Amino acid sequence: MSVVTERPAVPSNEPTFRQSVDLMFNRAVALMDLPPGLEEKIRVCNATYTVRFGVRLRGKIQTFTGYRSVHSEHMEPVKGGIRFAPEVNQDEVEALAALMTYKCALVETPFGGSKGGLCVDPRQYDEHELEQITRRFAYELIKRDLINPSQNVPAPDMGTSEREMAWIADQYRRMHTTDINGNACVTGKPTNAGGIQGRTEATGRGVQYALREFFRHTEDKAKAGLAGTLDGKRIVVQGLGNVGFHAAKFLQEEDGARITGIIERDGALFNPDGLDVQSVRDWIVRHGGVTGYPDANHTAEGAQVLEAECDILIPAALEGVINLGNAHNIKASLIIEAANGPITAGADDILRERGVVIIPDMYANAGGVTVSYFEWVKNLSHIRFGRMQRRQEEARHELIVRELERLSDHLGDKWSMTPDFKARYLRGADELELVRSGLDDTMRIAYQSISEVWHSRKDVTDLRTAAFIVAIDRVAASYRAKGL
Ligand code: GLU
């Protein structure tokens with residue numbers, strides 16, 4: 001299920017989403033020493049394609065508008081999701097494409113940045129109609145190489161899921177019947193159609209790994225007024241779609257965090273003792289919203305719960321939800337941006353001045369594109385990760401275990417192995433374990449690179465600016481290598 005949340009009322013004196021991203025970019029480049037003109041070359045969006053196409057539905061032709069924006073081609077293919085939402089517009093798609101450029105650079109996936117959007121409310125159409133609409137949109141993009149394994153590789157985003165990706169991949173193969181790498185034209189596909197284990201949970205899993213890494217850095221935690229581990233920390237999450245659900249579920253079940261608030265389209269649930277994430281999700285799937293959920297307080301004014309007392313706030317829905325209208329009232333001392341652009345540039349200034357620590361979107365939600373990268377590599381190599389090594393790894397482990405058993409026979413019962421050690425140690429890693437390991441490694445390394453800049457430079461006072469500096473530096477290096 002992918003949730004489309006209603007747009008918040010962003011105060012009209014705020015810049016647009018794209019301007020907001022540019023303002024944050026400008027803050028960072030002002031602290032960098034880039035060759036003249038390169039700053040603008042990196043900031044601007046290279047091209048945005050707009051398409052209007054008709055689909056015959058319910059006895060008449062309905063016209064749809066879609067976009068695919070390419071922000072930077074310093075590396076190709078360019079990468080980024082396609083969202084389906086009624087209010088999608090060029091400004092938004094360009095902002096999101098820019099964020100993809102910086103995100104890919106930060107987590108070292110070899111892609112430029114892109115994003116697509118289709119103005120459609122998926123809730124208004126049945127599955128067959130959505131397939132027709134998706135295939136038609138894909139056709140328009142494929143014939144212009146705006147979907148192509150070596151040039152532009154979309155993925156799921158708000159309002160789309162593995163189902164749409166499977167339709168897009170199939171559409172591409174129909175139009176390029178001899179392209180052996182056709183499956184790599186899109187990521188986030190179902191596992192039975194060229195996908196990879198762990199892609200659906202990847203963005204939420206990445207949020208969990210990002211928080212775990214943050215909590216390993218005592219000094220960084222202290223800046224957010226936090227100590228200890230994630231165990232018992234109070235978390236409010238906005239949006240229980242794919243990203244928010246997985247992040248909240250893993251943090252609750254595996255790290256012992258307490259999910260005290262869940263904000264959805266039809267209001268918010270609040271329970272200081274903690275909400276059961278899986279059961280709230282099941283309720284939403286059955287009833288279409290959180291209203292009526294037992295064991296919690298419900299308020300129709302969902303956005304107010306963004307301002308509730310908590311340790312960590314996870315906006316995992318839409319852009320612009322924390323803005324000039326509510327930034328002063330946010331009580332969380334740590335915000336992790338699971339959504340793209342949930343904090344406007346103005347709100348970012350206010351929160352920074354108030355000492356709130358923000359783990360920025362381009363890092364926090366990069367788990368999705370990281371595992372997309374693994375999927376793309378899998379598609380191009382035409383082999384499942386671990387297929388060649390797994391049994392060989394098990395055989396080598398077997399050797400060690402046998403040797404340990406032989407030694408422990410001589411040493412007596414006191415030195416015997418713990419009961420499940422043998423089974424756990426013997427088993428070679430499967431694809432899901434390898435994907436999680438690669439994702440964990442990526443999230444740790446990327447955090448360390450931004451934290452290093454945050455700590456080593458006096459003029460860098462926040463993680464977002466540090467993340468921009470790391471990302472822009474890499475994009476600039478890539479342009480320099482091209483002789484630009
Ligand atoms: N839509 C996701 C994002 O915003 C995933 C992009 C991808 O996997 O290409 O990061």
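Just so it is clear, the structure is predicted and the values come from calculations on it, not from any experiment. Ligands are counted one by one from 1 in listed order, and the atoms in each one are counted from 1 as well.
- Pocket lining of ligand 1, defined as residues with a non-hydrogen atom under 4.0 Å away: Lys79, Gly80, Gly81, Met100, Lys103, Lys115, Ala155, Pro156, Asp157, Arg199, Asn340, Gly368, Val369, Ser372.
- There is a side-chain donor-acceptor pair under 3.5 Å between Asp220 and His455.
- Here the CG-OG1 distance, from Asp91 to Thr16, works out to 3.5 Å after rounding to the nearest 0.5 Å.
- With no hydrogens or angles considered, a side-chain donor-acceptor pair links Glu213 and Gln448 at under 3.5 Å.
- Remark: Glu375 engages Lys189 in a salt bridge, criterion side-chain N to carboxylate O under 4.0 Å.
- Using a 3.5 Å distance cut-off with no hydrogens or angles, the side chains of Asp22 and Gln19 do not pair a donor with an acceptor.
- Between the side chains of Thr465 and Asp462, at least one donor-acceptor pair of N or O atoms lies under 3.5 Å.
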